[in-house]
Asks: 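Let me give you the structure first, and then I'll get to my questions.
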Number of protein chains: 4
Amino acid sequence: MKLPRPETETLSRSQKRRRDDIVQAALKIFDRDGFEAAKMTDIAREAEVAKGTLYLYFDTKIELLEAVILTEIMPTLQKMGEVAQSKTGSATDLLARQMRIAARRMASNEMASLLRHMVSGSSQHRRIIKLYYDNVVQSGIEHIKATLDYGVETGEFRQNIKDIDPLVLVGAHIYTAVWKILFADLEELDIEKLVDDHLELVLGGLLAYRQQDPTA
Amino acid sequence: MKLPRPETETLSRSQKRRRDDIVQAALKIFDRDGFEAAKMTDIAREAEVAKGTLYLYFDTKIELLEAVILTEIMPTLQKMGEVAQSKTGSATDLLARQMRIAARRMASNEMASLLRHMVSGSSQHRRIIKLYYDNVVQSGIEHIKATLDYGVETGEFRQNIKDIDPLVLVGAHIYTAVWKILFADLEELDIEKLVDDHLELVLGGLLAYRQQDPTA
Amino acid sequence: MKLPRPETETLSRSQKRRRDDIVQAALKIFDRDGFEAAKMTDIAREAEVAKGTLYLYFDTKIELLEAVILTEIMPTLQKMGEVAQSKTGSATDLLARQMRIAARRMASNEMASLLRHMVSGSSQHRRIIKLYYDNVVQSGIEHIKATLDYGVETGEFRQNIKDIDPLVLVGAHIYTAVWKILFADLEELDIEKLVDDHLELVLGGLLAYRQQDPTA
Amino acid sequence: MKLPRPETETLSRSQKRRRDDIVQAALKIFDRDGFEAAKMTDIAREAEVAKGTLYLYFDTKIELLEAVILTEIMPTLQKMGEVAQSKTGSATDLLARQMRIAARRMASNEMASLLRHMVSGSSQHRRIIKLYYDNVVQSGIEHIKATLDYGVETGEFRQNIKDIDPLVLVGAHIYTAVWKILFADLEELDIEKLVDDHLELVLGGLLAYRQQDPTA
DNA sequence: GATGAATGAGGGTTCATTCAT
DNA sequence: GATGAATGAACCCTCATTCAT
């Protein structure tokens, strides 16, 4: 005889604010203590509501985590791929912009949070992970692939680049998120320099002399 | 009246075996359930000892985690840098070997475990993280740097490569560990292909035509 | 600053209807879930009023139970005794009619409810139980006693029947209520047959031959 | 990864005592407060164990109730039917003894408890109710039926008694249990007198003169 | 040393009741 | 008066840790 919670869309303005406050508070406490160690009591106090109020908006702690991820973190990631597909300028330019966007996203606090929660929760969050995989990872890879193809078409990139898994280009930036979680207080990363270095490397290669492109 | 646990060095042979069994069991259970969700009871059962026995060897659950990381995971990582410093063959060869070792390590189950535990544990595991940073990350970077320098010396690598942060070369492989944790069941990674692709890319670069090395 | 609820008598017509709706709803939910498990929310929904409205009419959940019992169940029981005191016809007829009324009442849903609530509610419902005892049990017994006496007077019943506790005649039917609560889904009772059997037995007795009534 | 509780049979002597203590305590608290209102904390305190210890022996509160019923109450009821089947003496004697046993059982504290718990829990305890129905009710009825048949055979009882549902003989006594629960403090029952009255009534009937048995 | 029964603080969740609108 | 969102005390159950045997 459990009444379903009202849909998010049907909430009044003040209820939306209230819901937002809770999600914000949860984000903060989850980040401070980790999901498991986070106490509903603390979240309630942080949101300045009673503990019971949390349950007016979210049925369980884990649903609150899902809300945190879906409403706070995912949206900022959705944009990632979209931004850089304008196809104006050279493929090199395009790639550079995409890489910068990816790298900055990865280095953001939100990404660190998301990663932490997905990694920590393991088996519980399949749904979230699947969501992320489908929406962010896959599309990110495709956007990169499109740019690579484009570069080959225009003659900017080497022909055989086509055989390369684009994952090596985007995936590379994950380490910045990991770094942020683990080593942030030991050594700060200079993201901009790292991206530049990565681009420089990836575009020009390490080798001083290179055998002629076989397609040339 | 709490007696201090005997130092690890003073354990008898059979005690060492017992301690090892416990650590092995803990590794297994931590990996299966995650650190927070792992129950001491399950670890005891897995190790085929009584629950109380765990506490003869480790004061708390978190100390057991530290032991798991220190005795099971770190050593396999320590080797990483050392292996590839023989300086036999070309710098390209050397780098290729180092990258392969790094990539395989990152893709190993142990690395996935380590990463999961370090990432999950919020502020608790500073000690472990520091340890890892000092022993693995730093030295890994230095080993790569050494190889890069060597390649520049021999003329294999471009001069200006010296300015590049070596982190972009090793860090890149962290995504394989993350991938393993998150997406293993959604899509399998072909590590060897990825390493080859990465090497190909990093060595040759993307560009079809490259301006001559200014130092040449 | 708690205002006392207005007395039942001072309620407007529409308020009375509202109050009745609530009591009806409560009866339904109490029966479906039991008193403890019944939720005020469910009662409010069933009555199609807001939860707060319940508290305009009843201070606590337990007072609502009392109202359910007093306004819904007790009245139907009050009639029991009254019906059969018209003293028309033989004592046997009279007794038969009383027994039938008692048995049917006991087998009614209302009685099952009442019994359930009184039995379940531990020490809380002393007031209700006392009420029931005084109004129903005692008067029921007296009505039966009157009929027995009447039968002895008319010579229909044996003299020594006077010494028998009338409780054995009415009480007997309680089992139908209990049965209804417990075993209704295991085996249905044929109330009419049972009453007939009981009457047959009680009137004629089991013995094939009976020693002559000593008073005869 | 939940270890099943050890079977009751494999418990050590002191564990059995401990288990018994808990069941006893639960019986007491359940009776004092009713099942729903009973607090595990109170049961633990009553049993002089820690709250957690309860859960070493019983997985949930409801399992504890089942244990209370199965180990404390049912056994005393099981005997009911068995006792009176020796078939020594007249059918009248036999019936009298059976009725006395039934009546005393019904008036016992255990029966009051059992009834309360079965009635209160309603839908939850189908298993227990079914158990009780099969083991006690059904067999009780059959034992009575056997005696009735026996009495007809020996010529003690009237032929047409065979058509009577034996339930009216045993069921009749349920009211003593109900009475005990509800009215014990308002008026004490004299069980022995009630049984005698009931027997007298049932054997001899109410009627002063009876038409001759048609089968005679 | 080894055992595992016992402990009890702690946390997620429920729901009768309140009160601002 | 009516509403229903908000409250927070209460309670079942978990599990890391202890300690008597």
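Chain letters run A, B, ... following the sequence lines, proteins first and then strands; every chain starts at 1. Because the structure is predicted, anything quoted here is derived from the model rather than measured.
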Asks: Suppose we screen for side chain to side chain donor-acceptor pair (under 3.5 Å). Which residues come up paired with E48(C), at least two apart in sequence or across chains?
Replies: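 Side chain to side chain donor-acceptor pair (under 3.5 Å) list for E48(C), sorted by chain: empty.
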Asks: Going by the rule side-chain contact (heavy atoms from CB on, under 4.5 Å), which residues pair with D42(D) if we only count those two or more places apart in sequence or in a different chain?
Replies: I29(D), R32(D), D33(D), K39(D), R45(D)
Asks: Can you sort out the partners of K51(C) under side chain to side chain donor-acceptor pair (under 3.5 Å), two or more places apart, ordered by chain and number?
Replies: none
Asks: Summarise protein proximity over nucleotides 2-7 of chain F in one line of letters, 5' to 3': B for base, S for sugar-phosphate only, - for none, counting protein heavy atoms closer than 4.0 Å.
Replies: BBBSBB
Asks: Return the value, rounded to whole Å, for the distance between atom CZ of R45(D) and atom P of dG8(E).
Replies: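 To the nearest whole Å, that distance equals 12 Å.
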Asks: Taking the minimum atom-to-atom distance to the side chain of K39(B), which one of dC15(F), dT17(F), dT18(E) wins?
Replies: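 Out of dC15(F), dT17(F), dT18(E), the nucleotide with an atom closest to K39(B)'s side chain is dC15(F).
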Asks: Going by heavy atoms in the side chains, are F30(D) and R116(D) under 4.5 Å from each other?
Replies: no
Asks: For DNA chain E, write out the stems as range with range, using runs of 3 or more consecutive Watson-Crick or G-U pairs with both distances under 3.5 Å.
Replies: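 Output for stems: E:2-21 with F:2-21.
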Asks: Who are the salt bridge (Lys or Arg N to Asp or Glu O under 4.0 Å) partners of R17(D), not counting sequence neighbours?
Replies: none
Asks: I need the CD1-P distance between I43(D) and dC11(F), as an integer number of Å.
Replies: 12 Å
Asks: Whole-Å distance between dT14(F) P and F58(D) CZ?
Replies: 15 Å
Asks: In whole Å, what is the span from the CG atom of D59(A) to the C1' atom of dC15(E)?
Replies: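 Value for this atom pair: 14 Å.
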Asks: Just checking A37(C): base, sugar-phosphate only, or nothing, at a heavy-atom cut-off of under 4.0 Å?
Replies: nothing
Asks: Roughly, in whole Å, what's the span from CE in M40(A) to P in dG8(F)?
Replies: 16 Å
Asks: Of T60(D) and A38(B), whose closest DNA chain F nucleotide lies nearer the 5' terminus?
Replies: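 By nearest-heavy-atom nucleotide position, the 5'-most residue is T60(D).
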Asks: When you get a sec, tell me which of dT13(E), dT17(F), dT17(E) is the closest nucleotide to the side chain of Y55(B)?
Replies: dT17(F)
Asks: Considering only heavy atoms from C-beta outward, does the side chain of I43(A) approach that of L54(A) to under 4.5 Å?
Replies: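 A side-chain contact under 4.5 Å exists here.
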Asks: Whether K61(C) engages the ring of F35(C) as a cation-pi pair (distance to the six-membered ring centre under 6.0 angstrom, angle to the ring normal within 45°) should be assessed.
Replies: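 That pair qualifies as a cation-pi contact.
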Asks: Which whole-number value in Å describes the distance from I22(D) CD1 to dT7(E) P?
Replies: 9 Å
Asks: Atom CD of E63(A) to atom P of dG12(E): distance rounded to whole Å?
Replies: 15 Å
Asks: Can you tell me how far P of dC15(F) sits from CD1 of I29(B), to the nearest Å?
Replies: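 Rounded to whole Å, this separation is 13 Å.
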Asks: Would you compute the distance between atom CG of L64(A) and atom CG of D59(A) and round it to the nearest 0.5 angstrom?
Replies: 11.0 Å
Asks: How about Y57(A) and V23(A): do any of their side-chain heavy atoms sit closer than 4.5 Å?
Replies: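 No, their side chains stay 4.5 Å or more apart.
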Asks: Give one of base, sugar-phosphate or nothing for A44(D), where a contact means two heavy atoms less than 4.0 Å apart.
Replies: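 No contact at all - A44(D) keeps every heavy atom at 4.0 Å or more from the nucleic acid.
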